[in-house]
Amino acid sequence: MRGDMANSKQPSLFDDDAANESVPQRIELPDGELTLYPHWITDKQVAALFDQLEQQVPWEQSTIQMYGRPVQIPRLNAWFGDEGCDYQYSGYQLPLHPWLAPLTELRQRLHQELGITTNSVLVNLYRNGQDSVGWHSDDEPELGRDPVIASISLGGERRFSLKHRRHKSVKPLHLSLPSGSLLVMSGQTQHHWHHCLPKMQSMTEPRINLTFRQVFPGFRRSSK
Ligand SMILES: O=C(O)CCC(=O)C(=O)O
């Protein structure tokens, strides 16, 4: 019955009764701004989200250029966004996919609860502790001047490290990102800090990470 179908409300991932209680923790970072919401998504919501993303995302293992040579990245990833929100890193242009329902819900929550506007998201799947991402900054030209990166972690708890790009005397920072957490990197963080997710030999649990971003189409001036 078409009419009934059209009127029935799609169940939301965030309809359950559990309150999303997460007290923000401001993390001191010279030349940068970091806020961690340790339990932004409840365990029940994480379980549903993880399953949906694992099944629905068209995962690919991208090949990037490193020191002029093609290298397969040690993780799977996919890029979603509004039309025209193209994104490339390390010489590789990720195919742009249309939004999936769970990603749209998270995007809306970020906007409604925290006022964070985004038009795209990079989704990474770390299959186990052998998968990782090396030192880098999210400072591609199309991300604009002071990018706000909203990073959501689901699944295996992993270490996330930051090191100052110029001042060796500034101590590196190591955070543990629990499942369901949201880490917001803002201000000048991407200008002054590199971050990475190191391998973790003992980890067998998979992890999905989502970094919501705002892309300014046509802003790419040079290729990194
Ligand atoms: O998985 C993470 O926590 C970090 C991901 C990341 O650095 C990136 O996608 O640029």
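Counting convention: from 1, in listed order, for ligands and their atoms alike. Below, all heavy atoms of this structure are taken into account, side chains as well, without hydrogens, waters or symmetry copies.
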key: Ser181 side-chain N/O to Pro38 backbone N/O, donor-acceptor pair under 3.5 Å   = no

query = Under a heavy-atom criterion of less than 4.0 Å, does Tyr89 contact ligand 1?
reply = no

message = What I want to know is whether Ser153 and ligand 1 share at least one N or O pair that is separated by under 3.5 angstrom.
response = no

message = When you compare the side chain of Trp40 with that of Leu110, does any pair of heavy atoms fall below 4.5 Å?
response = yes

request  = Report yes or no: do Tyr89 and Asn77 form a side-chain donor-acceptor pair below 3.5 Å?
outcome  = yes

task = Please examine the side chains of Leu76 and Gln61, heavy atoms only from C-beta on, and report whether any two atoms are closer than 4.5 Å.
result = yes

message = Which residue and atom name correspond to the protein heavy atom nearest atom 1 (O) of ligand 1, and how close is it?
response = Tyr126 OH, 2.6 Å

remark   = The protein heavy atom nearest to atom 9 (O) of ligand 1 is Asn124 ND2, 3.1 Å

message = Is there a polar contact between ligand 1 and Ser151, counting only N or O atoms under 3.5 Å apart?
response = no

task = Out of Arg159, His136, Arg207, Met185, indicate the one that has the non-hydrogen atom closest to atom 6 (C) of ligand 1.
result = His136

query = Measuring from the heavy atoms of Arg158, does anything fall under 4.0 Å of ligand 1?
reply = no

note = ligand 1 to Arg213, heavy atom cutoff 4.0 Å, flagged ligand atoms 8 (C), 9 (O), 10 (O)

ask   = So, do Arg75 and Asn209 sit near enough that their side-chain heavy atoms are less than 4.5 Å apart?
value = no

task = Pull out every atom of ligand 1 sitting under 4.0 Å from any heavy atom of Asp138, numbered as shown with elements.
result = 10 (O)

note = Taking only non-hydrogen atoms of Leu122 and a 4.0 Å limit, the atoms of ligand 1 in range are 9 (O)

request  = May I ask you to list the atoms of ligand 1 that are less than 4.0 angstrom from any heavy atom of Thr211?
outcome  = 9 (O)

request  = Below 4.0 angstrom from a heavy atom of His195, which ligand 1 atoms are there? Numbered from 1 as shown, please.
outcome  = 7 (O), 10 (O)

ask   = Any salt bridge between Arg166 and Asp31, counting N to O under 4.0 Å?
value = no

task = Check whether the side chains of Thr117 and Gln214 place a donor and an acceptor atom closer than 3.5 Å, and report yes or no.
result = no

request  = Please tell me if the side chains of Arg158 and Ser153 come closer than 4.5 Å, counting only heavy atoms from C-beta onward.
outcome  = no

